[in-house]
Trainee: 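Handing you this structure, nothing more for now.
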Amino acid sequence: MDDVVIGIDASTTAVKAIAFTRDGKEPFQAREAYPLSNPRPGHFEQDAEHWWTALLGALKQVTEAVGAARVAAIAIAHQRETFTLIDHAGKPLIPAILWLDERARPQVARLSAELGRETIRDWSGKPPDPTPALYAIAWLAEHQPQALDHAAALVDVHGFFVHRLTGRLVTSTASADPLGLLDVRNGTWHPELVEAAGLRPDQLPRLVAPGAICGGLGESVARLIGLKAGTPVVAGAGDGQAMGLGMGVYGEGKNYLSLGSGIVSGCYSHGITTSDAFRTLVSPTGSGFMLETVLRSGMQLVDWIVRTTGSPSAAALEKAAVDVAAGSEGLLVLPYWAGVMSPYWDGAARGAIVGLSLDHEPKHLFRAVLEGIAFEQAIASEAMETQAAETRAAENQAGGKPAAMIAAGGGTNCALLMRIMASVLERPLSVSPVNEAAALGAAMLAASAIGWFASPETAAEAMATPPTRHVDPVDGLVCGYRARKAIYRDLYQATRETHVRLGEVGQV
C-alpha cells in the first residue's frame, strides 16, 4: 500500500510525527513533548534521550493509526543549531545545548577577533552570533575539554535520530549547516571552522544532500515502533528551511513569513551571497540557498503587552486598537526585547518605546508594537530581496521582486497585524492554512526520495496546500507608513549607545 510518508518535526518543545499522502493531506499526527532545562542564566539544555523517547512514542502512534504497510519513508526536520556529543554506542555524553543558549558570547568575540568577523560570515553564511553551535562547541573546548576530546561524534538532532534509527552516522547538509561549521558554498565541513571549534574531523557525521536516503530502519527499532525494517530514512533539513519548503517556497520569486513567537522570513536565492542583513542557508531542496531573517521577539510581544497592561486578552486589545489611527498617535516601538539578530547582531540591544504621552493607553501600545514588527520586517525583506536580485543580475538570472509573500503562524490570526504588515510591506500577503509546515517539508523530501515525484520542487507543487486567503495593502495607510518607516530606520542607532552604557552600569 505504501501510500503515506512520515514527516518528523523535532522542535524545541516536542516531536511531531505526521503521516502525509501524495496530495499533502494528513491522515494522522502524533505529538510527544519533552522538557527544557535552564540550569543557569543563558544556559538552555535538553536530554537527548528525551528526544528519542518522544520520537519512538510519536512514530508508534502514527504506525498504529495508519498501519505499517502504508508507510513508505520517514524524513526529519528539527530544531536547528542544537547539538550533543555521543560516544561510539550513540549514548549522549552531555546535555544537548540548544539554539536558545547564550553562554558562548565570549567565544563569539574571541573567534571573531581571531578569524575575522566577515571571514566567518562568508565561510559559513552566518554572521557571528551565539546561535550557531560553533561558539558553544568552542565553549565546551574551554570548559569541558575532556567531554569534547572523548566524544565519538558531535551530532545535530537530525544526526542523532538517523544514528539511532539506522545505525549510520549521517546527517543532511541542510540540517548541519545551521551549526556554523559548514562551508556553505561547497556543502562540506569547513576545516578551519572545525579546528576553531576544537573538534577533530573524525568526530563529524558524513554529509549527504537533503532528500538522499540515509539508510534503512534497523530491525530492533522497527520492532519498537511497529514499522517495517528497512523503511527508508531520508535526509531532511532544519525546521526553518523545511518550513519554507512546506509552504511552497522552493524557487525564485517566492518568499515566506512565519509569524510565531519569533518572526522568521526567507527567500530563495539561486546563487551564493552573504551579508549581515540575513543568514545564508543551504536550501532544503539541495539546489541553491535560502536567505533568512530573524526577529527574536515577535508575537511574544503581544503576550507581554497583555500581561503587562493587565488586559483581559489579546483579542480585546486588538478590538480596541482597530480604532487607533495609524501611527498610534506618535508612538514608535523598537521590538528588540530579546536583542537583535539580523541586521545588527547585537545581543545587548533592547526594546524601546518612543513618543509616550499621558494620552496613550494600552490600545496605542498594542498597535505600536504591531507597527514596529512590521517596520522591522519591511526593512529586513528589502535588504534580503535587494541582495538576492543583485546576485541574480550578476549571474544573468531572471526574476524580480516577489509580488506576494506566503505567511503562516499564529500571527496570521491577528487581522490588524495582517493589514498593517501588508501595508508596510506594500504587497499582498497570502495566508497558508498549513499548521505543520516543517513536517510537511520533510515529507516532501521523503516523497521525492522514494520516487513519488521527480524532485523536491515537484513534490512541493503537488503537496503544498494553496493559500486560503489574501490580505491586500490598505491604500490609505501605505504613504503614512512609508514616512514612519524612514524614522524607524534611525531608532536602533539612536538608542544603541544608551543600551551599551546601561549594560555596563548593570555589571558594576
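Nothing here was measured: the structure is a model prediction, and the numbers come from that model.
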Trainee: Test your reading of the model: is there a side-chain donor-acceptor pair from Ser297 to the backbone of Leu301, 3.5 Å cut-off?
Mentor: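 No, Ser297 side chain to Leu301 backbone: no donor-acceptor pair under 3.5 Å.
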Trainee: His190 and Ser124: side-chain donor and acceptor closer than 3.5 Å?
Mentor: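 There is no such pair between these side chains.
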Trainee: Decide side chain to side chain donor-acceptor pair (under 3.5 Å) for Thr293 and Ser342; before the verdict, give the C-alpha distance in whole Å, the side-chain angles of both, and the deciding distance to 0.1 Å.
Mentor: CA-CA 6 Å; Thr293 68; Ser342 52; 4.8 Å; no
Trainee: Pairing donors with acceptors under 3.5 angstrom, does anything connect the side chains of Gln387 and Thr273?
Mentor: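 Gln387 vs Thr273: donor-acceptor pair found between side chains.
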Trainee: Any donor and acceptor pair, going by atom type alone, linking the side chain of Thr495 with main-chain N or O of Tyr492 inside 3.5 Å?
Mentor: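 The answer is yes, because a donor-acceptor pair under 3.5 Å joins these two groups.
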Trainee: Side chains of Gln79 and Gln46: is there a donor and an acceptor less than 3.5 Å apart?
Mentor: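 Distance-only check passes for Gln79 and Gln46.
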Trainee: Does Asp177 come within less than 4.0 Å of Lys126, counting only side-chain N to carboxylate O?
Mentor: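 Looking at Lys126 together with Asp177, the answer is yes, because their closest N to O distance falls below 4.0 Å.
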Trainee: About how many Å separate CG of Leu365 and CG of Leu317, when rounded to the nearest 0.5 Å?
Mentor: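 That separation rounds to 8.5 Å.
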Trainee: Looking at Lys16 and Asp239, is there a salt bridge between them, counting it only when a charged N and a carboxylate O are closer than 4.0 Å?
Mentor: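 The answer is no: the pair does not qualify as a salt bridge.
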Trainee: Determine yes or no for a side-chain-to-main-chain donor-acceptor pair under 3.5 angstrom, with Gln241 supplying the side chain and Ala174 the backbone.
Mentor: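 Yes; at least one donor-acceptor contact below 3.5 Å.
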Trainee: Taking Asn38 for the side chain and His43 for the main chain, is one N or O donor matched with an acceptor at less than 3.5 Å?
Mentor: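 Such a contact is found between Asn38 side chain and His43 backbone.
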Trainee: Backbone N or O of Glu49 within a donor-acceptor pair of the Asp47 side chain at under 3.5 Å?
Mentor: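 Yes: the side chain of Asp47 pairs with the backbone of Glu49.
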Trainee: Of all heavy-atom pairs between Met299 and Leu259, which one has the smallest distance, and what is that distance?
Mentor: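 Met299 and Leu259 have their closest heavy atoms at CG-O, 3.8 Å.
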Trainee: Assess whether side-chain contact (heavy atoms from CB on, under 4.5 Å) is satisfied between Leu445 and Leu245, documenting all intermediate values.
Mentor: CA-CA 9 Å; Leu445 292 171; Leu245 181 61; 4.1 Å; yes
Trainee: Salt bridge or not between Glu81 and Arg279? Use side-chain N to carboxylate O under 4.0 Å.
Mentor: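 Salt bridge between Glu81 and Arg279, a charged N being under 4.0 Å from a carboxylate O: yes.
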Trainee: Going by an N to O cut-off under 4.0 Å, is there a salt bridge joining Arg501 and Glu497?
Mentor: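 No, Arg501 and Glu497 are not salt-bridged.
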Trainee: Using salt bridge (Lys or Arg N to Asp or Glu O under 4.0 Å), reason through Asp129 and Arg117 one step at a time and then give a plain yes or no.
Mentor: CA-CA 10 Å; Asp129 172 78; Arg117 191 179 176 284; over 6 Å; no
Trainee: Could you tell me whether a side-chain N or O of Thr309 sits under 3.5 Å from a main-chain N or O of Pro362, the two making a donor and an acceptor?
Mentor: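 No: the side chain of Thr309 does not pair with the backbone of Pro362.
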Trainee: Between Glu192 and Trp123, does a side-chain contact (heavy atoms from CB on, under 4.5 Å) hold up when you go through it step by step?
Mentor: CA-CA 9 Å; Glu192 292 182 68; Trp123 282 347; 3.3 Å; yes
Trainee: More than 12 heavy atoms of other residues, nucleotides or ligands under 6.0 Å from CZ of Arg168: yes or no?
Mentor: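 No, not enclosed.
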Trainee: Quick one: CD1 on Ile225 to CG on Leu217, what's the gap to the nearest 0.5 Å?
Mentor: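 Interatomic distance, Ile225 CD1 to Leu217 CG, rounded to 0.5 Å: 5.0 Å.
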Trainee: Taking 4.0 angstrom as the limit, do Glu45 and Arg40 come out as a salt bridge?
Mentor: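 Salt bridge absent between Glu45 and Arg40.
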Trainee: Apply salt bridge (Lys or Arg N to Asp or Glu O under 4.0 Å) to Lys485 and Glu376, showing your working.
Mentor: CA-CA 9 Å; Lys485 183 175 67 177; Glu376 183 70 19; over 6 Å; no
Trainee: One pair to check against side chain to side chain donor-acceptor pair (under 3.5 Å): Thr188 and Asp183. What are the steps and the verdict?
Mentor: CA-CA 5 Å; Thr188 57; Asp183 180 337; 4.5 Å; no
Trainee: Under 3.5 Å, is there a donor-acceptor pair linking the side chains of Thr280 and Thr274?
Mentor: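 Per modelled atom types, Thr280 and Thr274 side chains form no pair under 3.5 Å.
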Trainee: Looking only at non-hydrogen atoms, find the nearest pair between Ala75 and Ala446 and report the distance.
Mentor: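 That would be CB-CB, 3.8 Å.
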Trainee: Please confirm whether the backbone N or O of Val434 pairs with a side-chain atom of Ser432, one donor and one acceptor, at under 3.5 Å?
Mentor: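 Pair found, side chain donor or acceptor close to backbone of Val434.
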Trainee: If we check side chain to side chain contact (heavy atoms under 4.5 Å, CB included) with Leu331, which of these qualifies: Glu371, Arg367, His364?
Mentor: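 Exactly one option meets the side chain to side chain contact (heavy atoms under 4.5 Å, CB included) with Leu331, and it is His364.
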Trainee: Any heavy-atom pair between the side chains of Cys267 and Met290 that's under 4.5 Å?
Mentor: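 The answer is no; the side chains never approach within 4.5 Å.
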Trainee: Charged N to carboxylate O below 4.0 Å: is that the case for Arg200 and Asp202?
Mentor: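 Yes, this pair counts.
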Trainee: Is the ring pair Trp52/Phe160 parallel, tilted or perpendicular, if the boundaries are 30 and 60 degrees?
Mentor: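 Because their plane-to-plane angle is over 60°, the rings of Trp52 and Phe160 count as perpendicular.
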Trainee: Is the backbone of Arg296 close enough, under 3.5 Å, to the side chain of Trp337 for a donor and an acceptor to pair up by distance?
Mentor: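 A pair under 3.5 Å: no.
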Trainee: May I ask you to check whether over 12 heavy atoms, not counting those of Glu118, lie within 6.0 Å of atom CD?
Mentor: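 Count not over threshold, so no.
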Trainee: Is there side-chain contact between Leu199 and Leu204, with at least one heavy-atom pair below 4.5 Å?
Mentor: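 SC-SC contact between Leu199 and Leu204 confirmed.
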Trainee: Start with the C-alpha gap between Val184 and Leu182, add the side-chain angles, then the distance that decides, and say whether side-chain contact (heavy atoms from CB on, under 4.5 Å) holds.
Mentor: CA-CA 5 Å; Val184 72; Leu182 215 65; 5.6 Å; no
Trainee: Mind telling me whether Tyr488 and Phe375 have parallel, tilted or perpendicular rings, with 30° and 60° as the class edges?
Mentor: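 Rings of Phe375 and Tyr488: tilted, as their planes differ by 30° to 60°.
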Trainee: Yes or no on side chain to side chain donor-acceptor pair (under 3.5 Å) for Thr285 and Ser287, after CA distance, side-chain angles and deciding distance?
Mentor: CA-CA 5 Å; Thr285 65; Ser287 173; 4.9 Å; no
Trainee: Would you please indicate yes or no on a ring centroid separation below 6.0 angstrom for Tyr268 and Tyr250?
Mentor: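 No, too far apart.
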Trainee: What distance do Lys91 atom NZ and Thr84 atom OG1 have between them, rounded to the nearest 0.5 Å?
Mentor: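 Reported to 0.5 Å precision, the distance equals 12.0 Å.
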Trainee: Using 4.0 Å as the upper bound for N to carboxylate O, is an ion pair formed by Arg31 and Glu436?
Mentor: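 No, Glu436 and Arg31 are not salt-bridged.
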Trainee: Would you say CG of Asp87 has more than 12 non-hydrogen atoms from neighbouring residues, nucleotides or ligands within 6.0 angstrom?
Mentor: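 Yes, enclosed.
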Trainee: Assess whether side-chain contact (heavy atoms from CB on, under 4.5 Å) is satisfied between Val354 and Leu491, documenting all intermediate values.
Mentor: CA-CA 9 Å; Val354 177; Leu491 196 52; 3.6 Å; yes
Trainee: Taking all heavy atoms of Phe83 and all of Ala136, pick out the closest pair and write down the distance.
Mentor: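 Of all heavy-atom pairs spanning Phe83 and Ala136, the closest is CE2-CB, 3.8 Å.
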Trainee: Less than 4.5 Å apart, any side-chain heavy atom of Leu56 and any of Val221?
Mentor: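 Yes - at least one pair of side-chain heavy atoms lies under 4.5 Å apart.
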Trainee: Would the number of heavy atoms belonging to other residues, nucleotides or ligands and lying under 6.0 Å from CD of Gln146 be above 12?
Mentor: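 Count not over threshold, so no.
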Trainee: Minimum heavy-atom separation for Ala242 to Pro284, with atom names?
Mentor: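 In this case the closest contact between Ala242 and Pro284 is N-CB, 4.5 Å.
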Trainee: Rounded to the nearest 0.5 Å, how far apart are CD1 of Ile353 and OG of Ser328?
Mentor: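 Ile353 atom CD1 to Ser328 atom OG measures 11.0 Å (nearest 0.5 Å).
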Trainee: Which atom names give the shortest non-hydrogen contact between Phe161 and Leu55, and what distance separates them?
Mentor: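 So the minimum-distance heavy-atom pair works out to CD2-CD2, 3.6 Å.
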Trainee: Mind checking the CD-CD1 spacing from Gln377 to Ile379? Nearest 0.5 Å is all I need.
Mentor: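 It comes to 10.0 Å.
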Trainee: Check for a donor-acceptor pair, side chain of Tyr34 on one end and backbone N or O of His50 on the other, with a separation under 3.5 Å.
Mentor: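 Checked: no pair found.
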Trainee: My understanding is that only one of Thr12, Thr131, Leu281, Leu179 makes a side chain to side chain contact (heavy atoms under 4.5 Å, CB included) with Arg80; could you say which?
Mentor: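 So the option named by the test is Leu281.
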Trainee: Which heavy atom in Ala374 sits nearest to a heavy atom in Ile420, and how many Å separate them?
Mentor: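 Residues Ala374 and Ile420, closest heavy atoms: CB-CG2, 3.8 Å.
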Trainee: Taking Thr166 for the side chain and Val162 for the main chain, is one N or O donor matched with an acceptor at less than 3.5 Å?
Mentor: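 Yes, because the side chain of Thr166 sits within donor-acceptor range (under 3.5 Å) of the backbone of Val162.
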Trainee: Between atom CD1 of Ile137 and atom CG of Leu111, what is the distance when rounded to the nearest 0.5 Å?
Mentor: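 Reported value, rounded in 0.5 Å steps: 10.5 Å.
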